[in-house]
Amino acid sequence: QVALVESGGGLVQAGGSLRLSCTASGGTFSRYTIGWFRQTPGKDREFVAGLWRGGINTYYADFVEGRFTISRDSAKSTVYLQMNSLKDEDTAVYYCAAGAGLIMSTRRRPSAFDYWGPGTQVTVSS
């Protein structure tokens, strides 16, 4: 069982940056694929970025367009999402998730992840 907690959300102007953190406890963090997702009211939760199977391979949603970077600090059991050049449409609740046994075809699907944090709000104002 892994417990996840996000932090670092807040209000930022368009064009600005935020760094979200996802800290894990209660499990072997490095075993899991870690994903960042986001959700706005009335819409499905969508994939943002992932760190594949405890390693260093990263993958991103197309809309990220090089603006976001996912990284890991294993010593702190923390995964970060550095978000630059933020846009109004990036406003959402951001969630981190951990999944074991994901395969390539499912690694962007929320349903493939086993554990979720409560989320952190990111609001981008223009």
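Numbers for residues simply follow the sequence, beginning at 1.
Taking a 6.0 Å sphere around NZ of Lys87, one finds it holds more than 12 heavy atoms contributed by other residues, nucleotides or ligands.
What you find for Gln121 and Ala92 is that their closest heavy atoms are NE2-O, 3.4 Å.
Side-chain contact check for Met83 versus Asp90: every heavy-atom pair is 4.5 Å or farther apart. Between Val48 and Phe63 the shortest side-chain heavy-atom distance falls below 4.5 Å.
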Check step by step if side-chain contact (heavy atoms from CB on, under 4.5 Å) holds for Thr40 and Thr91.
CA-CA 8 Å; Thr40 55; Thr91 294; 5.7 Å; no

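Rounded to the nearest 0.5 angstrom, Thr33 OG1 and Arg107 CZ are separated by 8.5 Å. Atom-to-atom distance recorded for Tyr32:OH and Arg53:CZ is 13.5 Å, nearest 0.5 angstrom. To the nearest 0.5 Å, atoms CZ (Arg45) and CZ (Arg38) are separated by 13.0 Å. If you take CD on Gln82 and CG on Leu20, they are separated by 9.0 Å, rounding to the nearest 0.5 Å. Here the OG1 atom belonging to Thr78 is positioned 10.0 Å from the CZ atom belonging to Arg72, to the nearest 0.5 angstrom. Within the model, atoms CD1 of Ile34 and OG of Ser77 stand 9.5 Å from one another, a figure rounded to the nearest 0.5 Å.
Note on Leu18 and Phe68: same hydrophobic cluster, where clusters join Ile, Leu, Val, Met, Phe, Trp and Tyr whose side-chain heavy atoms are under 4.5 Å apart, directly or indirectly. Hydrophobic clustering, with ILVMFWY side chains joined whenever heavy atoms are under 4.5 angstrom apart, groups Leu81 together with Leu86.
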Please report, to 0.1 Å, the donor-acceptor pairs under 3.5 Å made by any side chain of residues 4-13, with sequence neighbours excluded.
{"residue": "Glu6", "atom": "OE1", "partner": "Gly119", "partner atom": "N", "Å": "2.7"}
{"residue": "Glu6", "atom": "OE2", "partner": "Cys96", "partner atom": "N", "Å": "2.9"}
{"residue": "Glu6", "atom": "OE2", "partner": "Gly119", "partner atom": "N", "Å": "3.3"}

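Cluster partners of Phe47, by chain and number: Phe37, Trp52, Tyr59, Val93, Tyr95, Leu102, Met104, Phe113, Trp116. The rule joins Ile, Leu, Val, Met, Phe, Trp and Tyr whenever side-chain heavy atoms lie under 4.5 Å apart.
In this view, Ser126 and Asp88 satisfy the side chain to side chain donor-acceptor pair (under 3.5 Å) rule, not counting sequence neighbours.
A donor-acceptor contact shorter than 3.5 Å links the side chain of Arg108 to the backbone of Tyr60.
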